[in-house]
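Below is one structure, written out as structure tokens; the observations come after it.
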Amino acid sequence: MKILSIFGTRPEAIKMAPVVQALAREPAIQSLVCVTGQHREMLDQVLRLFDLTPDFDLGLMSHNQGLNRLAGGALCALDSVLEDVKPDRVLVHGDTTTAMAAALAAFHRRIPVGHVEAGLRTYHLGQPFPEEMNRRVADLCSDLLFAPTPGSRDNLLSEQLEGQVFVTGNTVIDALQSVQRRLDADPDLRAALDAELPQLDPRRPILLVTGHRRENFGEGFRNICEALDQIADRGDVEIVYPVHLNPNVKGPVTAALAGRPNVHLVPPLDYLPFQRLMQRSHIVLTDSGGVQEEAPALGKPVLVMREMTERPEAVHAGTVQLVGTSRAAIVNAVSRLLDDPVAYAAYAGRINPYGDGQACRRIVDCICGRPMQEFSPLQSPPAASAPRRPAGLDALLVRD
Ligand code: UD1
Ligand code: UDP
């Protein structure tokens, strides 16, 4: 069976790399990879880290790209690849323009689609924009829906979509565990990665910041920068901010914060150094989806600079707090975690509502038509419910 995995941005690559590695281990599968290149530098470093060589690279990134131009270019370019390859199944990930266009292009050609990280919802089309629409389109087009959590499964079931839903856990935990194992085993590697960062005062806690959401462009980022400026004034914290390459982020953030002695604006970090920095951080301040999933697994309190999240599990578990983008709310939440050890301890538990490192194995089992035990964050060892197998897939591939 020919499986074509399509992705294009940094987070998709991180979360699809272990899926592609698991597919490559299946003798019955011919695994091919197509990258749209929606991101360039931020994508390529992930491909190198996980040793992935795409079979097709569409090179679609342009400076400050518009969504329609990107989506249109992706649809056209992907159509030629689908015509060439004639895959038995396409795999897409998450909620990017690449994921939406790839799912739609495959749907138009009546090629079955598996959606990895299906069912995340805020039920608000502007939060995040345009991702809430992208993931709904991808879910509509898919016959296999790989929901990371029971909550995302419930969203899909309530929408009565046609695809079969399986709870797999999030593949980000598979990726995170493989990278953390490398870091834990190698003190020289950790030291080398630390040496590449700016000099940080070891007595001061590290506040790690990331941000790139389109709905925060303009006023949101102005508020975020003002809040960071005020927090930096305390003088007892090191703020490290790997700044996203999107010019709507990089421009305003650099203009507002460059030159402050304890605010370290650095280019986007490769995945390995970023994970090392997360290990060393005291608090994480972010609007990212993936970082909201990773930091709780490392026991780091996360303040999310958004009004809504499609990842409520860690909020319910108490390690993630939604703070929005008002200056005062960000400053107050950071100050409380810095100044109140009891509040910090309450947020800092190591929890894993998003996965157990077995998501890729479950996804590949499903694709191969094998029975698989679904992910259950509440039960360890895994759930007592019966293993499930997708109905109606190619009988040749069913191997119990
Ligand atoms: C995209 C996704 C978002 C995802 C995010 C992860 C969409 C609509 N948005 O947002 O869901 O969370 O990626 O980071 O799909 N750029 C570079 N080099 C890079 C990457 C980006 O120069 O390696 C610059 C380019 O000028 C590019 C711009 O950033 O035009 C914006 O990139 P784009 O993919 O459109 O949007 P993101 O904001 O990164
Ligand atoms: N990340 C990284 N380097 C950075 C910032 C983030 O490797 O400088 C990783 C992070 O660990 C996570 C992913 O990128 O796995 C999240 O990407 P991003 O925040 O761009 O997108 P989102 O998850 O919001 O779609």
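Remember, it's a predicted structure, so these values are computed and weren't measured experimentally. Nothing fancy with the numbering, it's 1 onward along the sequence. First listed ligand is number 1; within each ligand, the first listed atom is number 1.
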| message | I'd like to know if E310 and R135 make a salt bridge, using a cut-off of under 4.0 Å between side-chain N and carboxylate O. | response | yes
| request: Fit a plane to each ring of H244 and H39, take the angle between them on a 0 to 90° scale, and name the class: parallel (under 30°), tilted (30 to 60°) or perpendicular (over 60°). | output: perpendicular
| message | Using a 4.0 Å heavy-atom cut-off, which part of P242 comes near ligand 2: side chain, backbone, both, or neither? | response | side chain
| task | Note the single closest protein heavy atom to atom 9 (C) of ligand 2, along with its residue, its atom name and the distance in Å. | result | I14 CD1, 3.7 Å
| field | Proximity flag E12 to ligand 1, non-hydrogen atoms under 4.0 Å | value | no
| field | side-chain hydrogen bond (donor to acceptor under 3.5 Å, both in side chains) pairs, two or more places apart, involving residues 63-78 | value | N64-N248
| query | If you measure only the distance, is there a donor-acceptor pair under 3.5 Å linking the side chains of Q358 and Q373? | reply | no
| task | Have a look at R10, E41, Q38 and point out the one with the heavy atom closest to atom 18 (N) of ligand 1. | result | E41
| Under-4.0 Å heavy-atom contact with ligand 1, by part of T98 that carries it | neither
| Salt bridge flag under 4.0 Å for residues R40 and D44 | yes
| query | How far is atom 38 (O) of ligand 1 from its nearest protein heavy atom, and which residue and atom is that? | reply | N246 ND2, 2.8 Å
| More than 12 foreign heavy atoms under 6.0 Å from OH of Y344: is that the case here? | yes
| Do any heavy atoms of R213 fall under 4.0 Å from ligand 2? | yes
| message | Run the salt bridge (Lys or Arg N to Asp or Glu O under 4.0 Å) test on R370 and E26 for me, step by step, so that the C-alpha distance in whole Å, both residues' side-chain angles and the decisive distance to 0.1 Å come before the verdict. | response | CA-CA 12 Å; R370 294 194 289 259; E26 283 294 326; 2.8 Å; yes
| Counting each atom of ligand 1 from 1 as listed, which ones have a heavy atom of P247 under 4.0 Å away? | 26 (O), 28 (C), 29 (O)
| note | Note: N64, heavy atoms under 4.0 Å from ligand 1, region reported as backbone
| request: Could you tell me the residue and atom name of the protein heavy atom closest to atom 32 (O) of ligand 1, and the distance to it rounded to 0.1 Å? | output: Q65 NE2, 3.4 Å
| said: For atom 4 (C) of ligand 1, what is the closest protein heavy atom, and at what distance to 0.1 Å? | reply: H212 CE1, 3.8 Å
| query | What residue and atom, counting heavy atoms only, is the protein's closest point to atom 24 (C) of ligand 1, and at what distance? | reply | L245 O, 3.6 Å
| query | N/O to N/O below 3.5 Å, does that happen between S62 and ligand 1? | reply | yes
| message | Suppose I only count heavy atoms of P11 and a 4.0 Å limit; which atoms of ligand 1 are within that range? | response | 6 (C), 14 (O)
| query | Is it true that R234 and D339 have a side-chain N and a carboxylate O under 4.0 angstrom from each other? | reply | yes
| task | Please identify which atoms of ligand 1 are closer than 4.0 Å to at least one heavy atom of P130. | result | 8 (C)
| request: Could you verify whether a donor N or O on one side chain and an acceptor N or O on the other, from Q321 and Y347, lie under 3.5 Å apart? | output: yes
| query | Can a salt bridge be assigned to the pair R311 and E117 using a cut-off of 4.0 Å between side-chain N and carboxylate O? | reply | yes
| Should you measure from each heavy atom of L269, which atoms of ligand 2 turn up under 4.0 Å away? | 2 (C), 3 (N), 4 (C), 7 (O), 8 (O)
| task | Around atom 1 (N) of ligand 2, find the nearest protein heavy atom and jot down its residue, atom name and distance. | result | F274 CD2, 3.6 Å
| Nearest neighbour in protein (non-hydrogen) for atom 36 (O) of ligand 1 | R214 NH2, 3.0 Å
| Under 3.5 Å, N or O to N or O, is N134 touching ligand 1 that way? | no
| Any non-hydrogen atom of Q275 lying under 4.0 Å from ligand 2? | yes
| said: Assess, by modelled atom type and distance only, whether the side chains of N170 and E293 contain a donor and an acceptor separated by less than 3.5 Å. | reply: yes
| Identity and separation of the nearest protein heavy atom to atom 11 (O) of ligand 1 | E131 OE2, 2.5 Å
| What atoms of ligand 1 come closer than 4.0 angstrom to any heavy atom of R40? | 19 (C), 23 (O)
| request: For atom 39 (O) of ligand 1, grab the closest protein heavy atom and report residue, atom and distance to one decimal in Å. | output: H39 NE2, 2.7 Å
| Are E374 and R362 ion-paired here, with the side-chain N under 4.0 Å from a carboxylate O? | no
| query | Should you measure from each heavy atom of H63, which atoms of ligand 1 turn up under 4.0 Å away? | reply | 26 (O), 30 (O)
| note | The atoms of ligand 1 lying under 4.0 Å from a heavy atom of M61, numbered in the order shown, are 16 (N), 17 (C), 18 (N), 19 (C), 20 (C), 21 (C), 22 (O), 25 (C)
| request: Report the distance from atom CZ of R25 to atom OG of S31, rounding to the nearest 0.5 Å. | output: 11.0 Å
| Salt-bridge present (D365, R361; N to O < 4.0 Å) | yes
| task | Only heavy atoms count here, so choose which of E294, E12, R10 is nearest to atom 12 (C) of ligand 2. | result | E294
| Do the side-chain N and O atoms of R306 and Q127 include a donor-acceptor pair separated by under 3.5 angstrom? | no
| task | For L67, counting its heavy atoms only, list the atoms of ligand 1 lying under 4.0 Å from any of them. | result | 8 (C)
| request: Using a strict 4.0 Å threshold on nitrogen-to-oxygen distance, state whether D194 and R280 make a salt bridge. | output: yes
| field | Heavy-atom nearest neighbour in the protein, as seen from atom 8 (C) of ligand 1, with distance rounded to 0.1 Å | value | T97 OG1, 3.1 Å
| remark: Among non-hydrogen protein atoms, atom 25 (O) of ligand 2 lies closest to P11 CG, 3.4 Å
| Using 4.0 Å as the upper bound for N to carboxylate O, is an ion pair formed by D186 and R181? | no
| Sole residue of I3, T168, L23 in side-chain contact (heavy atoms from CB on, under 4.5 Å) with V364 | L23
| query | Looking only at distance, does M42 have an N or O less than 3.5 Å from an N or O of ligand 1? | reply | yes
| N/O to N/O below 3.5 Å, does that happen between T9 and ligand 1? | no
